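Here's the structure, in structure tokens; my notes come after.
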Amino acid sequence: MTSEKKSIHGQWSSRLMFILAAAGSAVGLGNIWKFPYITGENGGGAFVIMYLVCILLIGIPIMMAEVLLGRRGRKSPINTMRDLAAADGLNPAWGLLGWMGVLAGGLILSYYSVIAGWALAYVFRAAAGLFHGLDTGGVGTLFNSLVSSPEKLLAWHTIFMFMTMFVVAQGVKNGLEAAVRWLMPLLFVLMLVMVGYAMNTGAFSKGLDFLFAPRFGDVFYHCQAIDGRELCEFSWKPLLIAMGHAFFTLSLGMGAIMVYGSYMPKRTSIAAASVWIAIADTTVALLAGMAIFPIVFANGLEPGSGPGLIFQTLPLAFGQMPYGRLFGALFFILLVFAAWTSSISLIEPAVAWLVENRGFSRLRASVFSGLAVWLLGIGTIFSFNLWSGERYQLFGMTFFDLLDFLTANIMLPLGGVLIAIFAGWLMSREASEDELNLAHPLLYRSWRFLVRYVTPTAVFIVMLNALGVF
Ligand code: PFF
């Protein structure tokens with residue numbers, strides 16, 4: 001019987017462990033590094049509102065769909081999709097959705113690891129007291145001395161990929177569970193400390209205003225002063241970026257949450273778990289914003305200064321606060337851990353498939369996929385130095401920008417919609433109803449309505465709009 005199936009890779013020891021592991025996947029660089037800088041680049045409050053609406057209407061329903069498919073199939077996403085399609089008499093080509101996920105996971109991890117490498121480097125910089133007494137210029141110089149050096153970036157990227165392969169090789173229980181049990185709660189507490197510091201910068205309300213006050217004009221109109229005249233251009237792109245980020249931050253659309261769902265005990269409520277994961281994830285992102293923007297405004301920095309934002313704002317804070325050396329080192333250690341618990345979920349779908357279909361040991365599968373990702377990461381490393389010039393850009397984007405845009409804004413939403421269509425339209429109603437096992441029929445009907453109609457329509461409209469189709 002399908003309901004008795006278990007994954008060959010093991011199972012989480014409890015409902016809480018599933019939630020912690022999935023929250024570990026969701027909470028990562030996306031919340032603390034990416035969310036503040038894309039919010040800064042896209043005008044602030046109105047962008048945050050669009051992102052929150054996407055989490056609620058698109059993210060949570062798709063997360064439920066993804067977990068339910070995983071737990072129903074109990075295999076790597078490629079085999080799960082193929083098996084579930086076959087069970088309902090559908091084309092086994094649905095397995096391709098799993099393949100797209102494996103590809104997206106590899107592409108994301110290749111740059112994710114480079115950025116996690118920055119965080120690693122900053123652990124040592126903080127501990128060495130290098131932030132002490134730095135001004136805005138000083139933190140900029142310190143950041144540039146790291147990203148302009150391909151050798152340094154390569155070394156840190158290599159270390160982080162080793163760390164990822166090491167945990168993944170240990171397997172579900174020993175590797176993944178051990179890491180998330182303590183670190184996630186500690187990260188949360190440290191974020192609160194940072195917000196506490198931000199409250200005393202003198203620019204707390206300005207930061208909050210930027211983060212929460214909806215000014216849609218600032219989001220959709222990009223203005224530039226050219227020859228003394230202000231030229232404004234309208235674009236839907238921020239809406240796509242907000243939606244793409246909802247997928248990215250919840251780890252949706254590529255099989256990471258699906259594979260974690262395949263290790264989930266049978267009688268755990270998928271809906272409750274999904275809501276908890278989304279709440280944890282969103283809270284950390286908003287706390288990060290509340291910590292960072294007051295520091296930006298108090299020090300005359302630019303909110304739109306790009307991927308370096310947290311690496312230039314937070315050191316200013318640590319350089320000035322009491323025990324800043326200790327808090328700084330601790331903060332970047334926790335950031336590395338948050339990235340670590342996400343990176344393992346990015347590679348797990350590929351590893352699970354290699355074990356199932358190629359008979360690889362977990363160790364061999366981890367090394368094999370890890371090496372491929374490591375190699376690709378070199379492209380991102382060069383994006384910040386050797387290949388940063390216009391000559392190496394495509395559509396005005398560096399290799400890193402291109403990977404980020406392609407994965408977060410195209411591949412993840414596309415994967416997510418296909419998952420929603422599969423769970424909402426193609427899979428039998430009995431199967432999804434049984435697997436979700438919701439307390440009230442109305443809840444099930446609302447979920448089904450969202451994944452059948454709202455999610456696919458919303459994602460397609462946003463994508464086509466932003467890509468200029470209409
Ligand atoms: N959710 C992670 C973050 O916000 O940092 C990134 C991520 C992990 C994306 C796993 C996708 C994924 F499958």
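Both counts, for ligands and for their atoms, begin at 1 and track the order of listing. The model shown is predicted, which means the values in this text are computed figures rather than measured ones.
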Counterpart residues, salt bridge (Lys or Arg N to Asp or Glu O under 4.0 Å), relative to D404 (two or more places apart):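 For D404 the salt bridge (Lys or Arg N to Asp or Glu O under 4.0 Å) partners, ignoring immediate neighbours, are K34.
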
With sequence neighbours left out, what residues match D401 under salt bridge (Lys or Arg N to Asp or Glu O under 4.0 Å)?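 Per chain and number, D401 pairs via salt bridge (Lys or Arg N to Asp or Glu O under 4.0 Å) with no residue.
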
May I have the N/O to N/O pairs between ligand 1 and the protein that fall below 3.5 Å, each with atom names and distance to one decimal?
| residue | atom | partner | partner atom | Å |
| --- | --- | --- | --- | --- |
| ligand 1 | 1 (N) | S25 | O | 3.2 |
| ligand 1 | 1 (N) | A26 | O | 3.0 |
| ligand 1 | 1 (N) | F248 | O | 2.8 |
| ligand 1 | 1 (N) | T249 | O | 3.2 |
| ligand 1 | 1 (N) | S251 | OG | 3.0 |
| ligand 1 | 4 (O) | A26 | O | 3.0 |
| ligand 1 | 4 (O) | G30 | N | 3.4 |
| ligand 1 | 4 (O) | N31 | OD1 | 3.4 |
| ligand 1 | 5 (O) | L29 | N | 3.1 |
| ligand 1 | 5 (O) | G30 | N | 2.7 |
| ligand 1 | 5 (O) | Y112 | OH | 2.5 |

Would you please say whether a donor-acceptor pair under 3.5 Å links the side chains of D281 and T249?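 Present: a donor and an acceptor within the cut-off.
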
Atom CZ of F212: over 12 foreign heavy atoms under 6.0 Å: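 More than 12 within 6.0 Å, yes.
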
Shortest non-hydrogen contact from P303 toward V296: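 Closest pair (atom of P303, atom of V296, distance): N-CG1, 3.8 Å.
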
Sort and list the pairs that fulfil salt bridge (Lys or Arg N to Asp or Glu O under 4.0 Å) and have at least one residue in residues 90-114, not counting sequence neighbours.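 Non-adjacent pairs meeting salt bridge (Lys or Arg N to Asp or Glu O under 4.0 Å): zero.
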
